[in-house]
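Shown next, in structure tokens, is the structure this report addresses.
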Amino acid sequence: SIVRTFSSNAWAVLLLLPITAVFVILSRFSLLHPIQTISECLSLLTSASAIFSFILLCGVILMIGFLNLEYYTVIPAIACSKIALLGQLLHPRQFVNSLVHCIMGIIVAWCCAITIGGRYETLCYTCTQSDGSPQMCLNEFHLILLLAGAFVGFSHSLLGVIYNMNYVSFHTVQQYKYLRFKGSLPLVVKCSATQALYSIRNYIVVYFFLGYIPKAWVCKTLNLHLNSTAQPLDSVAGLLDLSLLYHLWISATFQLFTWYITLQLFRIFITEAYSFPVQSSFTEDAHQCISKVLTDKQPMILKFLALQDLALLSQHSPSRRCEVFSLSQPGGHPHNWNAISKECLSLMTDLTQRLVAYHDTVATNGRAKSLSTGSERKTSSETSDVSSIMLNVFNYIFPFASPALRRLTAPVDCSPWHGTVQSPHIMRRGPKLWSTSTGKRWLMEMTGHYMIQLIRLYQLLTVKNFLAKRVLIMYLFNKLPEASSQALFADSQAHIWALEGLSYLVQASFSEDHFGVVQTTLPSILSCMLVLQEAVDRHFKLPHASSKPIKSTISMGDSSYKTLRFALRATLKTAIYRITATFGDHLKAVQLSAEHRKRLQHFLEYKE
């Protein structure tokens, strides 16, 4: 992955030169003097300041590439509630990421200010006081451009968490890197320009209300003054400068475009298909074999690449399939097939267990919710009535409890008679009920104890219902629609490849497996697939599980993970049909349970 990251960063640096040239032309172009503009741009590109700015931009690209390598993931982190998303945004790791992006944004904005020149070029300039003496004043045009770069960098970092921009997906259709990059260029340009527009709009609002804070801090730190004759930019008149707005937008677009290009190149290079050897003739190269990569502890990107290679070789490579079906020498054991099939079955079993556990949790919550629906509809008066009824029931049980239990639950008496022996004329003693029955006394003690627990449970439910009626708490803690289902299938790309690889290998074994190594595990494969299909079918009967996700807004975030559950369901059904269509009635000889045999018969009859 490091080699692929280095290659993607090298291409991003090479593309930086033409991108910078286009930015120079767009930032300085004049319709009234086109020839003069072109000559000025050419002279600027060869100047010392431009070369120094280009070196700084190369450093920024390398840093962004390093952040891509450090934060990328093949399994997206899906927040199931607003409070979970807030936790991701406030994580210390994310704080470091945002801080670095702010610094990189300031550097890019400074390079843009040097490139645009004119009133944006320097942070300070010489101005004249009212008495005619010169002084150093703050150039607010330069400052507002630097702060815009920091704001765009911070926004980019936050949107990266919200839209899962660090998620790297694998394309179903294999293409050359050049074709993938060429096809993604229009989207990169569109996302850069659109996101820059939204970011500058938000930045202008923030600067209008809070712009005086950084101005005062910079003036105090650098001992600069504000020019009283210049129009302040944190005002309506100052921010309505069309030239300023254009340069802010074009600079933000250039900043995001270079970062998005780096990100897109990283995605293309890191997900390029890799062919792992099935078996090796040398012991020192055994760790590179596909079976070892799948079973050993490896980075997730390597496991995903190995599963992708398994799916491809099972479909398109007869020679490599023969290596999978081969026996070891000496010994005659199918080590390759055993390792591959075991890992694939383990993946499917793990997903099945997760689905079953999730379904049981949802069913339990649903029953609890249905039981508490009636209490949620009660008014405050009804709630107090229920409370009084429960207390009356407890008071009825209370006299039969033991003295220790009465002392534990009875209210404290603050009268002068508390703790003293009272006269029979003041209070008559009650009859000693069941004084000779130890079993009945124990039963009543336990009944009183359970009543106390019931009252406490009722109070907890009352507090829960009270909190649930608060809008803000409900907004933060309520589950997002479909988020739980999406999180459950977040790593399903691995299961899709495992299903495709196993099913294609089983299909090919009908004519290519000369040693019968697949036949020994065919019952386990069919049983595992059928159990998984049953769990998937049960999951899609739950609310929001079968609803299609809403099309996301324009962003560089990859939202393909939202439809992984649909792809898995289709792949699973296709894999079972692939096996039944190949083996046909021969599957009746496979040892399966009665339930699985009945379900398999539906596939044989094409009724699923």
Side-chain angles (χ1 to χ4, degrees), residues 20 23-24 26-28 44 47 49-50 52-54 56-57 59-60 63 98-130 134-158 195-256 258-259:
T20 305
F23 169 71
V24 170
L26 292 177
S27 61
R28 286 176 166 250
L44 175 64
S47 63
S49 60
F52 180 70
S53 299
F54 183 77
L56 287 180
L57 290 175
V60 171
M63 178 56 70
S98 300
L99 180 62
V100 174
H101 274 92
C102 286
I103 297 174
M104 295 300 106
I106 292 176
I107 296 175
V108 174
W110 184 85
C111 295
C112 292
I114 296 299
T115 302
I116 298 172
R119 58 182 180 176
Y120 303 97
E121 192 166 0
T122 58
L123 182 61
C124 57
Y125 64 98
T126 304
C127 60
T128 305
Q129 291 183 352
S130 57
Q135 63 180 359
M136 297 302 296
C137 293
L138 173 68
N139 182 10
E140 195 174 354
F141 287 97
H142 187 89
L143 178 64
I144 196 174
L145 201 60
L146 295 184
L147 294 178
F151 186 87
V152 172
F154 180 73
S155 301
H156 172 76
S157 176
L158 294 185
Q195 188 56 50
L197 188 64
Y198 290 147
S199 298
I200 294 302
R201 177 200 63 184
N202 299 335
Y203 170 69
I204 289 174
V205 175
V206 173
Y207 192 83
F208 177 77
F209 290 102
L210 304 176
Y212 67 94
I213 298 177
K215 281 197 303 182
W217 181 79
V218 171
C219 289
K220 182 179 180 181
T221 304
L222 301 180
N223 195 21
L224 299 177
H225 303 274
L226 292 175
N227 191 352
S228 58
T229 60
Q231 176 69 44
L233 297 183
D234 55 343
S235 60
V236 177
L239 292 175
L240 289 179
D241 188 342
L242 296 181
S243 176
L244 172 64
L245 295 178
Y246 172 75
H247 284 118
L248 287 174
W249 173 73
I250 199 68
S251 301
T253 303
F254 171 73
Q255 175 181 336
L256 291 176
T258 54
W259 293 2

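- From L248, atom CG reaches atom CG of L239 across 9.0 Å, with rounding to the nearest 0.5 Å.
- Side-chain contact between L57 and T258 is absent, with no heavy atoms from C-beta onward closer than 4.5 Å.
- Counting heavy-atom neighbours within 6.0 Å of F54 CZ, excluding the residue itself, gives a total above 12.
- For the pair I116 and S251, the minimum side-chain heavy-atom distance is below 4.5 Å.
- Partners of Y125 according to the side-chain hydrogen bond (donor to acceptor under 3.5 Å, both in side chains) rule, which considers only residues two or more places apart in sequence or in another chain, are N227.
- Within 6.0 Å of atom OH in Y246, more than 12 heavy atoms from other residues, nucleotides or ligands are found, so the atom counts as buried in its surroundings.
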Problem set entry | Step-by-step side-chain contact (heavy atoms from CB on, under 4.5 Å) determination, F141 to H247 | CA-CA 10 Å; F141 287 97; H247 284 118; over 6 Å; no
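- Here the side chains of H225 and C219 are not in contact, with every heavy-atom distance at 4.5 Å or above.
- Using a 4.5 Å heavy-atom cutoff, the side chains of N202 and S155 are not in contact.
- With contacts defined as side-chain heavy-atom distances shorter than 4.5 Å, the pair T253/I200 does not qualify.
- If you take CZ on F254 and OG1 on T115, they are separated by 7.0 Å, rounding to the nearest 0.5 Å.
- With values rounded to the nearest 0.5 angstrom, L245 atom CG is found 13.5 Å from R201 atom CZ.
- Between C124 and M136, the closest heavy-atom pair is SG-CE, 3.6 Å.
- With contacts defined as side-chain heavy-atom distances shorter than 4.5 Å, the pair E121/I114 qualifies.
- Closest non-hydrogen pair, S53 versus W110, comes out as OG-CZ3, 4.1 Å.
- Between G153 and Q255, the shortest heavy-atom distance links the atoms N-NE2, 3.5 Å.
- Partners of Y203 by ring pair (Phe, Tyr, Trp, His ring centres under 6.0 Å), not counting sequence neighbours, listed by chain and number: F151, Y207.
- We find the CG-CG distance between L138 and L143 to be 5.5 Å, quoted to the nearest 0.5 Å.
- Within the structure, the salt bridge (Lys or Arg N to Asp or Glu O under 4.0 Å) test picks out the following pairs touching residues 227-246 (sequence neighbours left out): R119-D241, K215-D234.
- Partners of A113 according to the side-chain contact (heavy atoms from CB on, under 4.5 Å) rule, which considers only residues two or more places apart in sequence or in another chain, are Y120, H142, L145.
- Between the side chain of H156 and the backbone N or O of V152, no donor-acceptor pair lies under 3.5 Å.
- Between L123 and L222, the closest side-chain pair of non-hydrogen atoms falls below 4.5 Å.
- A side-chain hydrogen bond (donor to acceptor under 3.5 Å, both in side chains) check over residues 98-109, counting only residues at least two apart or in different chains, returns the pairs Q94-S98, N97-H101, S98-S157.
- S235 and P232 get closest at one heavy-atom pair: OG-O, 2.7 Å.
- You'll find the side chain of L44 reaches within 4.5 Å of the side chain of R28, heavy atoms only.
- The two residues C137 and L226 have their closest heavy-atom pair at SG-C, 4.5 Å.
- Rounded to the nearest 0.5 angstrom, L256 CG and Q195 CD are separated by 6.5 Å.
- Of all non-hydrogen atoms in W259 and V60, the two that sit nearest each other are NE1-CG1, 3.6 Å.
- Residues satisfying the disulfide bond (SG atoms under 2.5 Å apart) criterion with C102, sequence neighbours excluded, are absent altogether.
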